[in-house]
Visitor: 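Before anything else, here's the structure in question.
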There are 2 protein chains.
Amino acid sequence: MTLSTSFQPLYKQVYDQLTQRLVNGHWKPAEALPSEMALAAELGVSQGTVRKALNQMVAENLLERQQGKGTYVAEHTQESSLFRFFRLREPDGQSLIPDTQVLSSARRAATKTESIKLNIKGKSQVVQLLRLRSLQGEPVIMEKVVLPLSVFPNIDKELEMPNSLYTLYQDKYGISIVSVRDELRATEIPDEYADKLNLAVGSPVMMVERQSINIDGRVVECSEAYYATNKYVYATEHR
Amino acid sequence: MTLSTSFQPLYKQVYDQLTQRLVNGHWKPAEALPSEMALAAELGVSQGTVRKALNQMVAENLLERQQGKGTYVAEHTQESSLFRFFRLREPDGQSLIPDTQVLSSARRAATKTESIKLNIKGKSQVVQLLRLRSLQGEPVIMEKVVLPLSVFPNIDKELEMPNSLYTLYQDKYGISIVSVRDELRATEIPDEYADKLNLAVGSPVMMVERQSINIDGRVVECSEAYYATNKYVYATEHR
DNA sequence: CAGTGGTCTAGACCACCTT
DNA sequence: AGGTGGTCTAGACCACTGC
């Protein structure tokens with residue numbers, strides 16, 4: 001294990017090194033990592049130090065461990081990522097899985113705001129997707145997703161858009177979304193979306209601006225969505 | 001350390017025992033706990049086991065530890081609890097501290113919904129507070145708070161209502177709010193609140209239904225609030 | 001300086017899974 | 001049975017705080 005000049009606990013250096021391998025794609029989603037003993041021997045530290053790094057990565061949803069089996073790279077399946085980041089619920093708290101329809105896909109230059117949010121050069125190329133999402137056959141979300149082409153080359157040429165984009169990001173582009181930041185406001189629904197969400201012109205809707213963060217900490221996606229909350233609610237929890 | 005019949009890891013038993021002391025009020029907020037060594041000796045386990053329990057409690061915001069000083073019961077100061085649970089932000093992400101004005105306080109029987117949410121007997125007595133909260137002099141939240149009298153005896157007789165109720169709950173009633181669950185919808189502002197929030201009748205606002213959870217896991221407060229989100233946004237993050 | 005929590009190690013044993 | 005992660009221990013040393 002290489003020592004850095006500024007003091008860092010050993011387990012933190014191990015953590016950084018292992019996380020780097022995930023970012024690099026050295027270990028792919030659902031793949032098994034070497035055992036604690038093997039990693040400890042390779043990195044020249046004790047088993048306990050490796051364990052501390054691994055457990056921190058589990059806490060951050062980067063890895064999954066199972067007693068008796070091994071340590072695996074966390075996988076974003078359709079189910080799990082929809083379950084984690086899709087916030088609409090029945091008012092009683094029951095969670096549901098949405099259906100998704102891609103309405104359009106287009107390439108264009110980033111706006112100023114977008115280039116700031118995505119931390120890309122002004123007027124870089126982005127892809128804009130328009131999606132309509134439904135729960136139990138009822139349209140509930142009209143969503144505009146903006147992706148930098150530099151991160152997702154030719155994503156507008158994709159034929160099959162999965163229900164959860166995050167699985168596509170992971171499988172085709174090596175992007176693992178680990179967290180999202182949402183900003184919510186109430187507003188009147190834009191006229192052009194009213195029909196699509198089965199709402200009267202001027203109905204109150206929730207606008208959700210989201211930034212999605214990759215395992216390496218970069219914002220790689222931003223979206224702006226209108227949520228119809230007459231039948232479902234946006235649920236969240238704070239600790 | 002007493003062993004239970006069903007298997008529990010030692011550190012979990014230590015965790016339960018220490019948490020129980022917090023619930024009991026055996027250790028008060030801001031008070032220092034005995035050192036790891038002392039606790040280990042008292043409970044008949046090793047220092048490492050105590051540490052694992054303590055660190056879990058730190059992760060849950062129950063304790064705070066400082067190298068060289070000691071372990072302290074987490075305190076809900078005005079600042080910290082407002083910072084944690086007050087979600088309105090400037091659109092650029094900057095967080096602000098609200099001012100609060102109590103408009104009314106009344107005792108009444110719980111509604112059916114309230115008794116379910118608060119897990120109390122139907123028609124138990126509750127206190128309802130009406131509060132108006134402002135940011136930078138601008139009214140932004142109209143809030144109805146419902147509290148079971150059984151948990152907060154005579155809270156309607158309180159003279160000084162602090163800016164953050166949570167500090168009052170902690171200091172006078174031994175209630176430590178550790179998490180909140182919010183359900184959000186967009187709706188038209190109720191006519192009677194429009195004036196108070198400086199909004200036109202029929203303006204879209206965000207309705208936030210909140211349940212607040214005590215250290216022992218009980219829901220001890222529920223509230224229903226209308227947020228004006230024309231100038232500020234409700235910010236949240238998911239991992 | 002003494003006392004606290006934080007890191008790191010090494011080894012023993014347990015619980016679980018696969019073969 | 002053999003390998004994995006999970007628990008628990010004991011001891012050494014480090015980093016920080018306050019007297």
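Reminder, nothing fancy here: chain letters follow the sequence lines and each chain counts from 1. Note that this is a predicted model, so its numbers are computed, not measured.
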Visitor: Grab the CD-P distance between A/Glu36 and C/dC8 for me, whole Å please.
Guide: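 Between P of C/dC8 and CD of A/Glu36: 15 Å.
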
Visitor: Would you say B/Thr49 reaches D/dT9's phosphate, i.e. side-chain N/O to OP1/OP2 under 4.0 Å?
Guide: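 Result: yes.
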
Visitor: Rounded to whole Å, please give me the gap between CD in A/Gln13 and C1' in C/dT7.
Guide: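 My rounded result for the distance is 12 Å.
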
Visitor: Which residues satisfy the salt bridge (Lys or Arg N to Asp or Glu O under 4.0 Å) test with B/Glu143, sequence neighbours excluded?
Guide: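 Checked B/Glu143 against salt bridge (Lys or Arg N to Asp or Glu O under 4.0 Å); matches are B/Arg131.
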
Visitor: Do the side-chain N and O atoms of B/Gln20 and B/Asp16 include a donor-acceptor pair separated by under 3.5 angstrom?
Guide: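 No, no side-chain donor-acceptor contact under 3.5 Å.
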
Visitor: Between D/dA15 atom P and A/Gln8 atom CD, what is the distance in whole Å?
Guide: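 Rounding to the nearest Å, CD of A/Gln8 and P of D/dA15 are 13 Å apart.
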
Visitor: Nearest to the B/Ser46 side chain among C/dC8, D/dT7, D/dT9, which nucleotide is it?
Guide: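 Of all the options, the side chain of B/Ser46 is nearest to D/dT9.
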
Visitor: Give me the residues of residues 60-68 of chain B where at least one heavy atom lies under 4.0 Å from an atom of DNA chain D, by number, or none.
Guide: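 Hits under 4.0 Å, by residue number: B/Gln67, B/Gly68.
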
Visitor: Nearest whole Å is fine: how far is C/dT7 P from B/Leu54 CG?
Guide: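 In whole Å, C/dT7 P and B/Leu54 CG are 14 Å from each other.
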
Visitor: Quick one: on DNA chain C, does A/Gln47 or B/Leu33 contact a more 5' nucleotide (nearest heavy atom)?
Guide: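 Going by which nucleotide is closer to the 5' end, it is B/Leu33.
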
Visitor: What heavy-atom pair brings B/Arg181 and B/Val219 nearest, and what distance separates the two atoms?
Guide: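 Reported closest heavy-atom pair: NH2-CG2, 4.1 Å.
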
Visitor: Could B/Glu183 and A/Arg89 be called an ion pair, given the rule that one side-chain N must be under 4.0 Å from one carboxylate O?
Guide: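 Result for this pair is no, no salt bridge flagged.
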
Visitor: Whole angstrom is fine here: how far is it from CD in B/Gln56 over to C1' in D/dG6?
Guide: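 Computing the B/Gln56:CD to D/dG6:C1' distance gives 14 Å.
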
Visitor: Out of C/dG5, C/dA10, D/dC8, which has the shortest distance to the side chain of B/Thr71?
Guide: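 So the nucleotide nearest the side chain must be C/dG5.
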
Visitor: Just checking, any donor-acceptor pair under 3.5 angstrom between side chains of A/Arg65 and A/Thr71?
Guide: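 Side-chain D/A pair, A/Arg65 to A/Thr71: present.
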
Visitor: Please state how far atom OH in A/Tyr11 lies from atom P in C/dT9, giving the value in whole angstrom units.
Guide: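 In whole Å, C/dT9 P lies 13 Å from A/Tyr11 OH.
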
Visitor: Checking contacts here: which listed nucleotide (D/dG6, C/dC8, C/dG6) is nearest the side-chain heavy atoms of B/Asn55?
Guide: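 Between D/dG6, C/dC8, C/dG6, the one nearest the side chain of B/Asn55 would be C/dG6.
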
Visitor: Going by an N to O cut-off under 4.0 Å, is there a salt bridge joining B/Glu209 and B/Lys117?
Guide: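 Looking at B/Glu209 and B/Lys117, the cut-off is met.
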
Visitor: State which of C/dG6, D/dT9, C/dT18 makes the closest approach to the side chain of B/Arg51.
Guide: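 Selected nucleotide: C/dG6.
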
Visitor: Looking at A/Glu237 and B/Arg87, does any basic side-chain N land under 4.0 Å from a carboxylate oxygen?
Guide: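 Here A/Glu237 does not pair with B/Arg87 in a salt bridge, since their nearest N and O are not under 4.0 Å apart.
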
Visitor: With a 4.0 Å limit, can you tell me whether B/Lys69 has a side-chain N or O closer than that to the phosphate oxygens OP1/OP2 of D/dG18?
Guide: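 For D/dG18, OP1/OP2 do have a side-chain N/O of B/Lys69 under 4.0 Å.
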
Visitor: From the list D/dT9, C/dT7, C/dT4, which nucleotide is the closest neighbour of the side chain of B/Ser35?
Guide: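 Nearest to the side chain of B/Ser35 among the choices is C/dT4.
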
Visitor: Rounding to an integer number of Å, can you tell me how far A/Tyr72 OH sits from C/dT18 P?
Guide: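 Taking atom P of C/dT18 as the reference, OH of A/Tyr72 is at 8 Å.
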
Visitor: Output the rounded distance in Å from CG (B/Leu10) to C1' (D/dT7).
Guide: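 To the nearest whole Å, that distance equals 8 Å.
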
